[in-house]
Amino acid sequence: MQLIYKPQDKPKFGQLIVFAIQQLLAIMAATIAVPAIVGNGMTASAALFGAGAGTIIYQLFTKFKSPVFLGSSFAFIGSMATAFAGAASMSLGYLGLLLGAFFAGLVYVIIAIVVKFAGVKWINKLMPPVVIGPTVALIGLSLAGAAVNDVFSYGPQDGNGSFIMSGSAWVSFICAMVTLVVVILCSVYGKKMAKLIPFIIGILAGYAVGLVFTLIGIATDNANLMIIDFAPFKALVADGVNLSTFLAVPKFTFLEAIKGVGDFSWSYVATIAVAFVPVAFVVFAEHIADHKNLSTIIEQELLEEPGLHRTLLGDGVGSIVGAIFGGCPNTTYGESVGCVAITRNASIVTITTTAIMAILVSFISPFVAFLDSIPGCVMGGVCITLYGFIAVSGLKMIQKVNLEDHANLFTVAAILIPGIGGMAMAIGKVTITAIACSLILGIIVNIILNKGRQAE
């Protein structure tokens, strides 16, 4: 892939700001979705601040050599729910989030120390392209359902899971397709800046179409057409126009956690450790896959330079920092990797600027309200391309693998089918994701088949 901006390139200031906004929009939906799912008073603005702060920490640890943004991790949603469910009060729940993030980050630190002394050759042997390729593809494919659900955000489903094409479903579908087509056209046929910011143009186009439908719906009192929710903007002026209408301090997790210190108990710590530590090992596998994918895109082996130990430390400590402010442990984002691949802009300066921007906009109430108002169907159109590129990147890794060799064929099959089929496992309070299960199965199959060859 011919990059327009390589990792160490610095775009002009005006372009840089636009590129950063695009990267922010690419990661925004998922980043603010996690606190919305967990609830318990967690906010999108705090999650944005935490993601920005965590990304800056990651960049510092990786010596500004890895162009990826860190955002709220979906893998820890169950663990975060446990933090609140096991708490005597909501305040202790926030304290549980911080403790859990610390335990998860500690796992990364320990693995990083092992990697520092043992090197990464064992990882390359354990996870060659025949294993890591289909795993990366799975990361994109596993998100396909989420993208499709977003496309039909406002459409009901029948008993078989098919979307009923009623008025609201058609409106949702049209907005998503407008967004998708505009992103594709800008990326393929766009000139100069249009080619570099297809997501911004696509989202604005989809939002504009959604706004037209919504205004017509308001004028005709047709709820099926009203797909843009103006509630976030109304909330800004609910108590009149004042300073908070324009600027507001996010609800930082550490401030809420302090209130629960008095209810601290060691037995609760054990519960949190059991909920978070195993998940950290699962996310470690996805960390490897993301960085292998990104290495292929930028044609630089990130596991060698800056080194896996540095990316792990950055991810682990960045996750802790993200939770301190936003409550959500962070992880490297496939959406960010997809944005880099599609726009061919791997500039580290762009990623760092995005992180700073995420921190700043978390205080700007109107911008946070705008992000909250973007219809899910519009983001669905964007996500089709983002998740698709992740899947294709994984498949490209398999191109040089000889699939005529049955050992390789069975290894790929052992990863793809369980992963696509959703072979997730709940063991006690720990859920091993389908991707993690597939990766583990693929590693085992690959080892067994290679051992068999050596024995012959």
Side-chain angles (χ1 to χ4, degrees), residues 62 66 68 75 107-108 110-142 278-316 331-334 337 341 390-403 405-420 423-425 432-454:
T62 57
S66 180
V68 65
V107 169
Y108 272 51
I110 293 172
I111 298 176
I113 294 173
V114 173
V115 170
K116 173 64 177 177
F117 291 100
V120 296
K121 290 184 178 178
W122 63 277
I123 290 179
N124 290 328
K125 289 182 179 179
L126 200 63
M127 297 185 227
V130 70
V131 171
I132 207 68
T135 303
V136 170
L138 269 183
I139 293 176
L141 294 174
S142 67
V279 178
F281 283 100
V282 172
V283 178
F284 164 68
E286 296 181 7
H287 176 98
I288 298 291
D290 280 340
H291 285 81
K292 281 284 190 180
N293 186 16
L294 190 57
S295 296
T296 302
I297 293 169
I298 67 175
E299 297 181 343
Q300 296 178 26
E301 184 50 70
L302 295 173
L303 300 192
E304 296 289 346
E305 181 60 36
L308 179 58
H309 64 290
R310 286 185 174 274
T311 65
L312 284 170
L313 284 172
D315 203 344
T331 188
T332 49
Y333 254 25
V337 176
I390 297 171
V392 172
S393 295
L395 296 176
K396 286 173 66 177
M397 292 183 191
I398 317 175
Q399 278 186 328
K400 296 181 180 180
V401 174
N402 180 16
L403 294 180
D405 184 335
H406 277 204
N408 292 333
L409 181 63
F410 281 119
T411 299
V412 173
I415 295 172
L416 287 179
I417 299 306
I420 295 174
M423 195 176 75
M425 297 182 182
I432 304 177
T433 65
I435 293 174
C437 285
S438 300
L439 175 60
I440 293 169
L441 182 58
I443 290 173
I444 293 173
V445 170
N446 189 55
I447 290 174
I448 292 174
L449 293 177
N450 282 317
K451 286 289 184 182
R453 282 177 169 176
Q454 293 172 7

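What you see is a predicted model; the values in this text were computed from it and never measured.
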Taking the side chain as every heavy atom from C-beta outward, state whether [X] and [Y] have any atom pair closer than 4.5 Å.
X	Y	answer
Met397	Asn293	yes
Ser393	Thr296	no
Leu449	Thr411	yes
Val107	Phe284	no
Ile415	Leu441	no

**Report entry** Backbone of Gly442 reached by a side-chain donor or acceptor of Asn446 within 3.5 Å
**Finding:**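 Checking the backbone N and O of Gly442 against the side chain of Asn446, no donor-acceptor pair under 3.5 Å is found.
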Query - Donor-acceptor under 3.5 Å (Glu301 side chain, Leu303 main chain) - result: yes
Report task. Could you list the residues that satisfy ring pair (Phe, Tyr, Trp, His ring centres under 6.0 Å) with Tyr108, not counting sequence neighbours? Result -> His287
Look up atom [atom1] in [X] and atom [atom2] in [Y], then write down how far apart they are to the nearest 0.5 Å.
X	Y	atom1	atom2	answer
Lys121	Ile123	NZ	CD1	13.0 Å
Leu395	Leu416	CG	CG	7.5 Å
Ile443	Ile448	CD1	CD1	12.0 Å
Leu313	Leu308	CG	CG	9.5 Å
Cys437	Met425	SG	CE	4.5 Å
Ile420	Ile435	CD1	CD1	11.0 Å

Query raised in the report: Going through the checks in order, is the side chain to side chain contact (heavy atoms under 4.5 Å, CB included) test met by Leu439 and Met127?
Result: CA-CA 9 Å; Leu439 175 60; Met127 297 185 227; 4.2 Å; yes
Please report the closest heavy-atom contact between [X] and [Y], naming both atoms and the distance.
X	Y	value
Thr331	Asp315	CA-OD1, 3.6 Å
Val115	Leu312	CG2-CD1, 4.2 Å
Pro418	Ser438	C-OG, 3.5 Å
Ile390	Gly140	CG2-N, 3.6 Å
Gly419	Ala434	O-CB, 4.0 Å
Ile297	Val337	CD1-CG1, 3.5 Å

Report summary line: Applying side-chain hydrogen bond (donor to acceptor under 3.5 Å, both in side chains) to Glu304 and not counting sequence neighbours gives none
Report task. Tell me, with the steps shown, if Leu403 and Val412 meet side chain to side chain contact (heavy atoms under 4.5 Å, CB included). Result -> CA-CA 9 Å; Leu403 294 180; Val412 173; 4.0 Å; yes
